[in-house]
Amino acid sequence: MSQITNTSRRNFLKTGAVLGSGLLISFTVPGAKKLGGAGSAMLGPQSGAAFAPNAYLHITADNQILVYLAHSEMGQGIWTTLSMLIAEELDVDVKKMVVQHGDAWKPYHHTSFGMQITGGSSTTWSEFDRYRKAGATARTLLVAAAAKKFGVSPSECKTADGVVTAGTNSATYGELASEAAALPAPGDVPLRDAKDWKYIGKSVKRLDTPAKINGTAKFGMDVQFPGMLTAAVLHAPVFGAKVKSVDAAKAKAIPGVKQVVQIPTGVAVLADNYWAAKKGCTALKVDWDLGSGVQVDSSSMTAQYKELAKKPGATAAKAGDVDSAMAKAVKTIEAEYTFPYLAHAPMEPLNVTIELNNGKCEIWCGTQMPGIDQEAAAKVLGLKPEQVRVNTVFLGGGFGRRGTPASDFVREAAEIIKASGKPLVKMVWAREDDVRGGFYRPAFLHNVKVGLNADGMPIAWKHTIVGQSIMDGTFFASMIKDGIDNASVEGVSDSPYLYAIPDRLVSLHSPKNEVPVLWWRSVGHTHTAMAMEATIDELAHAAGKDPLVYRQQLLKDHPRHLAALNLVAEKANWGKPLPEGRFRGIAVHESFLSFVAQVVEISLNTDGTIKVHKVINAIDCGLAVNPDGVKAQIESGINYGVSAALLGEITLEKGRVQQGNFNDYVVSRMFDTPAEIEVHIVDSSNKMGGVGEPGVPPVAPAIANAYFAATGKRLRDLPFNKAILKA
Amino acid sequence: MVKLKINQKEYSVDASPDMPLLWALRDVLGLTGTKFGCGMAQCGACTVHLDREAVRSCVTLVSRAVGKEVTTIEGLSADPTNYLQKAWLEVDVPQCGYCQSGQIMSAAVLLRENPNPTDEDIDTAMSGNICRCGTYPRIRKAIHLAAQMQREGGKVQ
């Protein structure tokens, strides 16, 4: 009946991964048992026939080129980009490379962040040298091995498409692998000049597309082993609530249900399949000690935040004397912006498969922080981290949710296996567990007061921000300095507009409550870009100036902002007439080392809500390693931004999250997506920046500014379409 | 035991009649190309064909599939007259990829019923399939391309 029972444990991740095109996307190291896996010290030159000059690359005797990723593929395309970097130096066909995620292992620590993490839109810039060097080192050794074999000098050898040639001699990399493995590692290897690049800077198709369109790509949700039980979890109705008592009699009577266990975060039902486990959850009767979380209420929270914003909080940026300067202003503008909690809602609900046997634990899941998860699971299970192996599989979306300092979902799976005493469990969350599970983009409020001089230029800027700290209570808390979590103020405290204003004050209140919060695609910039760029637009109009020209004047000393702004203005025909009923808005914002400007074109629906037709985007991200990949990420960011700007919100009433699924946590659909999205990349040799997140921040203010052009009304409360219908 | 015909193959499935088809496919038969996203027919990740019509398998009881032809992404991939995946490759649609099985299954029914869809037709037909990576513009482009390939017998490149 079942193919599953015919699938051997180790083979799971390989099955179905052989693709029609001849490209093999394998999730396990062929012969991983023998080698002990990517995380094992056995993987290296001493492994005999295989040649692993470093942790990132492995060439087998049968000429397979295996790439190990230090980062997780969650849609952003690094499966391809990092492979391109190695291929560029190694001289192999990138399409023939076999890619897999690396284990939780120190060599895969982020080159800047000191831990294994996929986040901050940093993968490509942070790996640009390391992965190229991995390829160059291997090539140098393979050439040395070939030279020795052919009896020629290395300078007489040429490499192309995985083959070394010298005169009439030739050998594949696989044939040279074992000899290369025996050679001493070279010192610093030279990297190719940009003019010689074959892949970098050119659009390369994603290596993971074939598997992702025929059902063979394996996500965490698809991990299945014989004898595995599936666990569904009944979570507390209120954040921080604890189980008082459980009546599991009815749940246990459901066919397929094997066990019910209490865990710190709720009650888990283990069954033969998810359906039985889920039915079991529904049949549970649980008495909860709700705790203080019941007091969290969105409407009273907004009132509390408004009250807090009346006085300055901790100082995030300060110069001069803002109150005296404000008193001298010819005109003042004051605006208050509110932002709701937002769930990431990746398409793949959170899940973890965990095995515990004889003091060894193995985990399969989509995660942005495998090392942190490894430590968290070890702690729950009373093991050492090295007794826990984390296998990262494709992430069905991340957006920050799969990188929690609290390791909430991996910890929960560890608690389940610990409480159950079972050897192998797959924990699967329902969509409702995800939407109601917290770790949201925090709700925020910004109060902005700006004083203008007679020319309409800002001379005083007072900005108060209120919202929960993401870092507080995590191991990142040491990054909070003098009460400032930079993730709450980034984009305001370091705004180029503010640098030009002699008297300014940015301050922050970080109230606490029971709702867990987390980074959400573009983190603080999700709200700071809106507060800055909508305010700047308002100032431009108060000054009687064109919003583009006003920005150009204020940003005259910021060439990368200007480059993006000028390019987008040109491509969008800024200033030229639009068809009737269409209106434009503009915004520019720097985040994650990239500079993005957008012009959006909107119309109004019959009920007054906003329809976005077109988004023209210009980005200066420095070198675009894979230009079509950059475009895809910006398109993606724009859609994520449209969702947040127009539709999305999580609200709480008496501690209970009011939304649960895509029917009430509304996200963008095909008909919401702008019919036209253009992405223009500034030809730039500036420092490389990220692309996964920077497309998001300018979307909301550009839409709000277009709405002002349409109606003369300012939108300051998100999501906009709700605010419009309420008004 | 429930007898099902999936991708031209007969299966005897050990599933309770009230189990949604999704879980019979995934958890009982190991056909994991069909994805779980919401469990209430909101996101379309679980879209399969039942007698050539698109259904959300997360809310379709396994008993409803008895005596019908079930086609999943695995079955569609084996169909040489289907140009969708070729177009998806050409446009490089997927990002995280999790929703793409469902997107393609919905698009297949659209193209069968309407070989020459407009943007508006696509908006309507694909409105039940969510993509959080926002690959919508590329899905739209790939559907147009597949339609063109279908019209011209796959000769378009």
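Keep in mind that what you see is a predicted model, and the values were worked out from it rather than measured. In what follows, every chain begins at residue 1, and chains take the letters A, B, ... in the order their sequences are listed.
- In terms of heavy-atom pairs under 4.5 angstrom with chain B, the leader among A:Gly396, A:Ser636, A:Ala430 is A:Ser636.
- At least one donor-acceptor pair under 3.5 Å links the side chain of B:Glu74 to the backbone N or O of B:Gly33.
- Only the side chain of A:Glu432 comes within contact range of chain B, judged by heavy atoms closer than 4.5 Å.
- Top candidate by heavy-atom pairs under 4.5 Å with chain B, chosen from A:Ile638, A:Asn661, A:Asn273, is A:Asn661.
- Comparing B:Arg138, B:Gln103, B:Glu120, B:Lys35 by how many heavy-atom pairs each has under 4.5 Å with chain A, the most go to B:Arg138.
- Without hydrogens or angle criteria, B:Asp51 side chain to B:Lys68 main chain gives no donor-acceptor distance under 3.5 Å.
- Within the 4.5 angstrom heavy-atom criterion, no atom of B:Thr135 approaches chain A.
- Only the side chain of A:Val428 comes within contact range of chain B, with at least one heavy atom under 4.5 Å from a heavy atom of that chain.
- Aromatic ring pairs are classed by plane angle as parallel below 30°, tilted from 30° to 60° and perpendicular above 60°; the pair A:Tyr274 and B:Phe36 is tilted.
- Between A:Trp79 and A:His101, the ring planes are perpendicular. Angles over 60° get that label, and only those under 30° would be called parallel.
- Of all the listed residues (A:Lys212, A:Met670, A:Glu676), the one sharing the greatest number of non-hydrogen pairs under 4.5 Å with chain B is A:Met670.
- The contact between B:Ile130 and chain A is made by backbone and side chain atoms together, counting heavy-atom distances below 4.5 Å.
- Heavy atoms closer than 4.5 Å to chain A are found in both the backbone and the side chain of B:Arg140.
- For B:Thr32 and A:Gln224, the side-chain atoms include no donor-acceptor pair closer than 3.5 Å.
- Salt bridge absent: A:Glu693 and A:Arg521 never bring a charged side-chain N and a carboxylate O closer than 4.0 Å.
- Ranked by heavy-atom pairs under 4.5 Å with chain B, the list A:Gly397, A:Ala632, A:Gly660 is led by A:Ala632.
- In summary, A:Asp628 and A:Lys631 do not engage in a salt bridge, as defined by a charged side-chain N under 4.0 Å from a carboxylate O.
- Listed options A:Lys279, A:Gln76, A:Glu73 were ranked by heavy-atom pairs under 4.5 angstrom with chain B; first place goes to A:Lys279.
- Both the backbone and the side chain of A:Ala675 come within less than 4.5 Å of a heavy atom of chain B.
- A donor-acceptor contact shorter than 3.5 Å links the side chain of B:His49 to the backbone of B:Met105.
- Most heavy-atom pairs under 4.5 Å with chain A: of the set B:Ser16, B:Ala24, B:Pro94, B:Cys43, this distinction falls to B:Pro94.
- Contacts of B:Leu84 with chain A are absent, with no heavy-atom separation under 4.5 Å from either backbone or side chain.
- At a 4.5 Å heavy-atom cutoff, the contact between A:Ile213 and chain B is made by backbone and side-chain atoms alike.
- Using modelled atom types, no side-chain atom of B:Gln95 and backbone atom of A:Gly77 make a donor-acceptor pair closer than 3.5 Å.
- For A:Met74, the part lying near chain B is the backbone, with the side chain staying farther off; criterion is any non-hydrogen pair under 4.5 Å.
- Checked by atom type and distance alone, the side chain of A:Arg431 pairs as donor or acceptor with a backbone atom of A:Met347 at under 3.5 Å.
- Of the residues considered (B:Pro137, B:Cys131, B:Gly39, B:Pro20), B:Pro20 shows the highest number of contacts with chain A, using heavy-atom pairs under 4.5 Å.
- In this structure, the side chain of A:Arg206 engages the main chain of A:Gly75 through a donor-acceptor pair within 3.5 Å.
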